[in-house]
Protein chains: 2
Amino acid sequence: MSTIKDVAQEAGVSVATVSRVINQNGYVNEDTRKKVENAIIKLNYQPNSIARSLYKKESKTIGIIVPDITNPFFPELVRGVEDYLIRNGFTTILCNSDEDADKERLYLEVMKQKYVDGLIIVSNTINEQLVQQFDRPIVALDRSIHKNIPTFAIDNREGGRRATQHLLDIGCQKVAHIKGPDQIENSEARYKGYLDVINNNELVVSGHYDLKKTAQATIELLQHHPEIDGVFAGNDIMALGVAKAADYLNIKVPNELAIIGFDGINLSEMTSPELSTISQPIYEMSTEAARALISLIEGKVIEKIDYEFPFTLIQRQSTKR
Amino acid sequence: MSTIKDVAQEAGVSVATVSRVINQNGYVNEDTRKKVENAIIKLNYQPNSIARSLYKKESKTIGIIVPDITNPFFPELVRGVEDYLIRNGFTTILCNSDEDADKERLYLEVMKQKYVDGLIIVSNTINEQLVQQFDRPIVALDRSIHKNIPTFAIDNREGGRRATQHLLDIGCQKVAHIKGPDQIENSEARYKGYLDVINNNELVVSGHYDLKKTAQATIELLQHHPEIDGVFAGNDIMALGVAKAADYLNIKVPNELAIIGFDGINLSEMTSPELSTISQPIYEMSTEAARALISLIEGKVIEKIDYEFPFTLIQRQSTKR
DNA sequence: GTGAAAGCGCTAACAT
DNA sequence: ATGTTAGCGCTTTCAC
């Protein structure tokens, strides 16, 4: 690959001039500009962004850390981020942390060495201290990780309330909640939302954000409590698990059992029956997070630390009766 | 952040020595090594990999180009790649091409400028010439892109045969095929596999790898051809579309209509009914592709150009009768 | 065994 | 308006 030096030589000018035309700054005569541009084309020159990064101490690269891209919620998030970033000249490094603090530490270290300009993190296990030490901008997506770090999420508790209320509204008498993992901020919040509405009539079991475990737990739950006629699942995948349990027990959805999920991933409308859900503006949340991160990278101050997005209740077959 | 110079100063040695310690090459006295290591710890020094890349002309970064991470097949692929790479000291840049040749060209250009050490590509739209010009190793995943580029995939035609034969084996009399997009190598191959088995009794409709379109097309198909009792869908998502169509028309799966998909994405066992499918070893394919890419980057020669992986037929509820 | 110094490709003073 | 040059942080010859 040819370098700026080659171009300079070819055009009969100095490297500084070439640099000027590339970066469109400083004065350069129309004629010399032409000469340089021709040389660039002739040599098929492309600036070496590593060299540029070394000097400018910026890499036009950001890292995104998610628990596991294989979990259907995250591709939609990552896609929003990547879309926004590439349009703005940034490139996206993908990291799967498996919610493992060691892996997160490793990624943080690597990202630092590679001079990423900023980080977008989805995590609840991440070491706050490490995050604090990271001397470049960070934003948190979907879940907060530190009170000083801008966070882009919905009000999960309110979402939990809304989901539960919906089940009541359609006439459910006994609404159970299949809760996501303990200690995950979001699943706790959704759970609280459920409690807010259900008072003293609660019936909760844990499903760990996992389809099979949820199906298993739900089967037992429904066997012990045949009076349950509505389930609010901690997320859409879990709601699918509940639907499977119902199918297994030959319980009709939605008439004998209404089900509502949470997140609004694409998957929720692919299944039969289609799932009612609390739909997050996933794409918008992620592009906004990316936009804010870039602002921070550019040294701008951003308006707030807490970006709360509106969610919507989507009623589909699983609660339509 | 402290530099190698700071460490050298702190340890009272030259930068060359520090470099030797970091890279564990060249001779260095046990005592000086200790001094240097202490200085590194004291200053919390981390080598700047940008500077290293500039000199070594390698970035320990690779790019992966997929059509759309939001399509459930790709996260599993990307995860396999990322897992293998991070374990081997590489970092992964994610690119969503949307099967758009212009976007692909853009990504190729950016990757080149960023000195990525290699590329993993899933595409059928990519410009072969551009790929040829890319002067670093490339491997193709899931679909071939050029005869000189190592390809990691299964035998899709044979898979198509197997799927179709399976429907016949369980007693289907009239098997239709919902075909993936034209001009996509894989969907054509699967289609051919179907034809191989079905001779002259074919019934094919195009579904574009899209759930809703597939559901719509299937509804029409089934209305015109109520004799159809088995469907081989071009992939798992399309199979879901077929299942929805059946649900809509109140046709019982699998007894009145058996359905088989293709790919074996996680999703295929999340639904009710669970989908039979031709399961690709997605994770293994992708880690092998990553492994081969690294070999190429290291200048090794790899054994072959065509890596064909075995698939397996997974029979689940949708064809169990 | 260790250090001095050149150079990777680029940008940005500073000259002219 | 253009050129010269130092320097970004690192690795690696080449001396000693």
Side-chain angles (χ1 to χ4, degrees), chain A residues 1-37 39-40 43-61 89 109-117 135-136, chain B residues 1-37 39-40 43-61 89 109-117 135-136:
Chain A
M1 259 173 63
S2 44
T3 73
I4 198 171
K5 226 169 147 183
D6 302 329
V7 175
Q9 202 152 29
E10 176 71 29
V13 299
S14 77
V15 295
T17 304
V18 178
S19 177
R20 286 188 190 102
V21 331
I22 295 167
N23 299 296
Q24 339 213 45
N25 66 23
Y27 297 89
V28 36
N29 185 308
E30 206 37 49
D31 285 352
T32 44
R33 146 167 290 118
K34 282 264 152 46
K35 279 194 295 183
V36 171
E37 279 166 352
I40 287 177
L43 298 180
N44 186 234
Y45 168 72
Q46 292 177 316
N48 177 333
S49 48
I50 298 283
R52 181 177 287 165
S53 292
L54 180 59
Y55 184 89
K56 310 238 307 179
K57 289 173 180 328
E58 64 174 34
S59 60
K60 290 288 181 185
T61 298
E109 199 170 295
V110 174
M111 295 297 109
K112 205 166 173 179
Q113 291 180 187
K114 293 220 168 160
Y115 265 84
V116 299
D117 298 330
D135 50 359
R136 268 147 284 180
Chain B
M1 258 175 59
S2 44
T3 74
I4 197 171
K5 225 168 147 183
D6 301 329
V7 175
Q9 201 153 28
E10 176 71 29
V13 299
S14 77
V15 295
T17 303
V18 177
S19 176
R20 288 190 187 101
V21 172
I22 295 167
N23 299 296
Q24 335 213 47
N25 65 23
Y27 296 90
V28 36
N29 185 308
E30 206 35 51
D31 285 353
T32 43
R33 145 165 292 118
K34 282 264 152 48
K35 278 193 296 184
V36 171
E37 280 165 352
I40 287 177
L43 298 180
N44 185 235
Y45 167 71
Q46 292 178 318
N48 176 334
S49 48
I50 297 282
R52 180 178 287 166
S53 292
L54 181 58
Y55 185 88
K56 307 243 293 179
K57 291 173 180 324
E58 63 173 38
S59 60
K60 290 287 181 184
T61 298
E109 197 170 296
V110 174
M111 296 296 113
K112 204 166 175 182
Q113 291 180 187
K114 292 218 169 162
Y115 266 83
V116 299
D117 297 330
D135 51 356
R136 269 146 282 180

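Throughout, protein chains are lettered first and strands after them, A, B, ... in sequence-line order, and every chain is numbered starting at 1.
Between the side chains of T61(A) and K114(B), at least one donor N or O sits under 3.5 Å from an acceptor N or O.
Around the CD atom of Q9(B), the shell of radius 6.0 Å holds no more than 12 heavy atoms that belong to other residues, nucleotides or ligands.
In terms of heavy atoms, I4(B) sits closest to V18(B) at CG1-CG1, 3.5 Å. Between N48(B) and I50(B), the shortest heavy-atom contact is OD1-N, 2.7 Å. Across all their heavy atoms, I22(A) and R52(A) have their closest contact at CG2-NH2, 3.6 Å.
A nucleotide of DNA chain C counts as in contact with chain B when one of its atoms lies under 4.0 Å from a heavy atom; the first and last such, 5' to 3', are dG1(C) to dG9(C). Nucleotides of DNA chain D lying under 4.0 Å from heavy atoms of chain A occupy a range whose first and last members, 5' to 3', are dA1(D) to dG9(D).
Between E30(B) and L54(B), it is E30(B) whose nearest contact on DNA chain C lies nearer the 5' terminus. In terms of position on DNA chain C, the residue among V13(B) and R52(A) whose nearest nucleotide sits closer to the 5' end is V13(B).
Counting any heavy atom pair closer than 4.0 Å across all strands shown, S19(B) reaches a base atom. Among the heavy atoms of the strands, none lies under 4.0 Å from Y115(A). Nucleic acid contact class of T32(A) (heavy atoms, under 4.0 Å, all strands): sugar-phosphate only.
S53(B) contributes a side-chain N or O that, together with a main-chain N or O of S49(B), makes up a donor-acceptor pair within less than 3.5 Å. N23(A) contributes no side-chain N or O that, together with a main-chain N or O of N25(A), makes up a donor-acceptor pair within less than 3.5 Å.
The salt bridge (charged side-chain N to carboxylate O under 4.0 Å, His left out) analysis of residues 9-31 of chain B, with sequence neighbours excluded, yields the pairs E10(B)-K42(B), E30(B)-R33(B), E30(B)-K34(B).
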